[in-house]
Amino acid sequence: MNTFPNENSDIKVSVIVLTYNHEKFIRKTLDSILSQQVNFKFEVIVGDDASPDSTADIIREYYAKYPDIIVPMLHEKNLGGFGKANTLAALAIAKGKYIAPMDGDDYWTSDHKLQKLADFLDQNPDFVACFHNAEIIFDDDSHPNQFVNAPDQKEIVTVEDFIGEDEVWFIATSAILFRNGVITHYPQWFHESKSGDIPRYILLGKGGTKFKYINETMSVYRKNRNSGMSFTDGYKDVEFLQNRIGMYRGIDQELDYKFHETLNKNIARYYRMMLDSKQFVGKYFKQMPTAITYLRLAKPSREIQREIIREYIFPKWLSNLYSFFALLPHRLKN
């Protein structure tokens, strides 16, 4: 296991809080971190990606109160890259042995969270990370509250558990603690991906390392439409779907194609969704090649094959048009 970058640091945990337009939430986030009861020193790096609201002012306020804990990183211009550049800038200055990531609209619900997770990693050097359950709340009440992890969540997780024919995600950003310095290189597909969690877990686990699940709910993953970090997954949007395809192709290469067939079926799902995306609906010459790619990757049942061919490759209007021109010479003779 790699050691963390600064062997001489007396900081055990670097909490990295990433903010953008979080003025309504950031106080609760920071308060939940500052209330942690621990027997070690920790820092809170708050990276604000040039929020146009008052988020940066609130961060300055907390820094004035807690200058020995809060490390403000206030960017004058938005760094772009779906928040990745902000993340990497914060990681670059992190002094802790362990990293606890947070989005600026989430918060912890247990004052003992950091102590419990840090104790586990201290006592189990063969684990790269540990994580707990998180409650998902929807600020617009569009869905009932739910939990990220099911009751049958595996206790010991490896990279293989993040691979499936569907998208696999079961660790909230606010729920994980991982060893600093394990990821030494961030490939291009990581930078290009709109997702932050999935690529991070792949890179943490790709060397055969283990994650430990602690069966307690100790944080809230907040979904809101105006904070800038949630509700970004548009499954009717071609740009988002193409981004997911690129991410999983990158993961396939990163893992030396060990899970190629499984990942191809996952990628095929996004081609299937693309057929009904807002940019493709009613546009035959966009849908037809996409449908062929879906069939090649998914290898679906004959029933589904016939449905895709009928709807997107040889639809009724095209069949009628073909029949019209096929019969036209006979009609002209008559």
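Under the 4.5 Å side-chain heavy-atom criterion for Ile, Leu, Val, Met, Phe, Trp and Tyr, Leu241 and Met288 are members of the same hydrophobic cluster. The hydrophobic clustering, which links ILVMFWY residues whose side-chain heavy atoms are closer than 4.5 Å, places Phe82 and Met73 apart. A continuous path of ILVMFWY side-chain contacts below 4.5 Å connects Tyr213 to Ile99, so both sit in one hydrophobic cluster. Cluster annotation: Leu79 and Tyr20 are assigned to distinct hydrophobic clusters (Ile/Leu/Val/Met/Phe/Trp/Tyr, side-chain heavy-atom contacts under 4.5 Å, transitive). Cluster membership for Ile58 and Tyr107, using ILVMFWY side-chain heavy atoms within less than 4.5 angstrom, is not shared.
Just one residue in the list Glu216, Lys113, Gln153 forms a side chain to side chain donor-acceptor pair (under 3.5 Å) with His132, and that residue is Lys113. Asp10 pairs with exactly one of Lys41, Lys97, Lys95 by the salt bridge (charged side-chain N to carboxylate O under 4.0 Å, His left out) rule, that one being Lys41.
Donor-acceptor pairing under 3.5 Å is lacking for the side chains of Thr55 and Asp48. Looking at Ser54 and Glu23, their side chains do bring a donor and an acceptor atom within 3.5 Å of each other. A donor-acceptor pair shorter than 3.5 Å can be found between the side chains of Tyr270 and Glu167. Side-chain contact, Gln115 with Asp119: a donor N or O sits under 3.5 Å from an acceptor N or O. Under 3.5 Å, the side chains of Glu192 and Asn243 contain no donor-acceptor pair of N or O atoms.
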Stepwise side chain to side chain contact (heavy atoms under 4.5 Å, CB included) test for Met102 and Ile33: CA-CA 10 Å; Met102 284 275 278; Ile33 299 169; 4.2 Å; yes
Leu114/Val13 under side chain to side chain contact (heavy atoms under 4.5 Å, CB included): CA gap, chis, key distance, verdict: CA-CA 8 Å; Leu114 270 190; Val13 176; 3.9 Å; yes
Check against salt bridge (Lys or Arg N to Asp or Glu O under 4.0 Å), Lys77 and Asp49: CA-CA 7 Å; Lys77 294 182 179 180; Asp49 213 359; over 6 Å; no
Working for side chain to side chain contact (heavy atoms under 4.5 Å, CB included), residues Ile183 and Leu91: CA-CA 11 Å; Ile183 304 175; Leu91 283 170; over 6 Å; no
Test log, rule side chain to side chain contact (heavy atoms under 4.5 Å, CB included), inputs Met274 and Gln287: CA-CA 8 Å; Met274 204 179 293; Gln287 289 179 319; over 6 Å; no
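A donor-acceptor distance shorter than 3.5 angstrom exists from the side chain of Thr29 to the backbone of Gly104, with no hydrogens or angles considered. Side-chain atoms of Ser110 come within 3.5 Å of backbone N or O of His112 as a donor-acceptor pair. Of the possible polar contacts, one joining the Thr209 side chain to the Leu204 backbone as a donor-acceptor pair under 3.5 Å is found. Judged purely by atom type and a 3.5 angstrom limit, Thr293 uses its side chain to pair as donor or acceptor with the backbone of Pro289. Checking side-chain atoms of Asn78 against main-chain N and O of Gly80 turns up a donor-acceptor pair under 3.5 Å.
When every heavy atom of Glu165 is checked against every heavy atom of Thr262, the shortest pair comes out as N-CG2, 3.7 Å. Nearest heavy atom pair, residue Pro52 against residue Asn21, reads CD-OD1, 2.8 Å. Contact detail for Ile308 and Ala291: the closest heavy-atom pair is CG2-CB, 3.7 Å. The minimum heavy-atom distance between Ser219 and Ser174, with the atom names listed, is OG-OG, 2.9 Å. Between Arg179 and Pro125, the shortest heavy-atom distance links the atoms NH2-CA, 3.2 Å. Of all heavy-atom pairs between Ala94 and Asn180, the closest is O-ND2, 3.5 Å.
For Gln123, the CD atom is densely surrounded, since the number of other residues' heavy atoms within 6.0 Å is greater than 12. Counting heavy atoms of neighbouring residues, nucleotides and ligands inside a 6.0 Å radius, atom CD of Gln279 exceeds 12 of them. Heavy atoms of other residues, nucleotides or ligands lying less than 6.0 angstrom from NZ of Lys210 number more than 12. For Gln146, the CD atom is densely surrounded, since the number of other residues' heavy atoms within 6.0 Å is greater than 12.
The CD1 atom of Ile202 sits 6.5 Å away from the CH2 atom of Trp189 when rounded to the nearest 0.5 Å. Rounded to the nearest 0.5 Å, atoms CG (Asn133) and CD1 (Ile214) are 11.5 Å apart. Here the straight-line distance linking atom CG of Asp111 with atom CD of Gln37 works out to 5.5 Å at 0.5 Å rounding. Interatomic distance, CG of Leu117 versus CG of Leu177, reported as 5.5 Å (0.5 Å rounding). Remark: Ile198 CD1 to Phe170 CZ distance equals 10.5 Å, nearest 0.5 Å. With values rounded to the nearest 0.5 angstrom, Thr173 atom OG1 is found 8.5 Å from Leu18 atom CG.
Salt bridge Asp252/Arg249: absent, no basic N to carboxylate O contact under 4.0 Å. A salt bridge between Lys24 and Asp105 is absent, with no side-chain N of the basic residue lying under 4.0 Å from a carboxylate O of the acidic one. With respect to Asp139 and Arg222, a salt bridge is recorded, a charged nitrogen being found less than 4.0 Å from a carboxylate O.
Residues forming a salt bridge (Lys or Arg N to Asp or Glu O under 4.0 Å) with Glu155 (at least two apart in sequence, or on another chain): Lys212. Under the side-chain hydrogen bond (donor to acceptor under 3.5 Å, both in side chains) criterion, Lys206 pairs with Glu254, sequence neighbours left out. Partners of Ser193 by side-chain hydrogen bond (donor to acceptor under 3.5 Å, both in side chains), not counting sequence neighbours: none found. Applying the ring-ring contact (aromatic ring centres under 6.0 Å, His included) test to Tyr257 and every residue at least two apart in sequence or in another chain returns His260.
Contact annotation: the side chain of Val220 never approaches that of Asp106 to less than 4.5 Å [non-hydrogen atoms, C-beta and beyond]. In this structure, the side chains of Ile59 and Asp57 stay at 4.5 Å or more apart for every pair of heavy atoms.
Taking the six-membered ring where the residue is Trp, the centroids of Phe178 and Tyr98 are separated by 6.0 Å or more. In this structure, Tyr221 has its ring center closer than 6.0 angstrom to the ring center of Trp169. Ring pair Phe162/Phe211: centre-to-centre distance below 6.0 Å.
With a 6.0 Å cutoff to the six-membered ring centre and a 45° limit on the axis angle, Lys84 counts as a cation-pi contact of Phe190. Cation-pi check for Lys286 over Phe280 is not met; the charged atom does not lie both under 6.0 angstrom from the ring centroid and within 45 degrees of its normal.
A side chain to side chain donor-acceptor pair (under 3.5 Å) check over residues 61-76, counting only residues at least two apart or in different chains, returns the pairs Arg27-Glu61, Asp31-Tyr62, His75-Asn86. Counting only residues at least two apart or on different chains, the salt bridge (Lys or Arg N to Asp or Glu O under 4.0 Å) pairs with a member in residues 257-273 are Asp166-Arg269, Arg272-Asp276.
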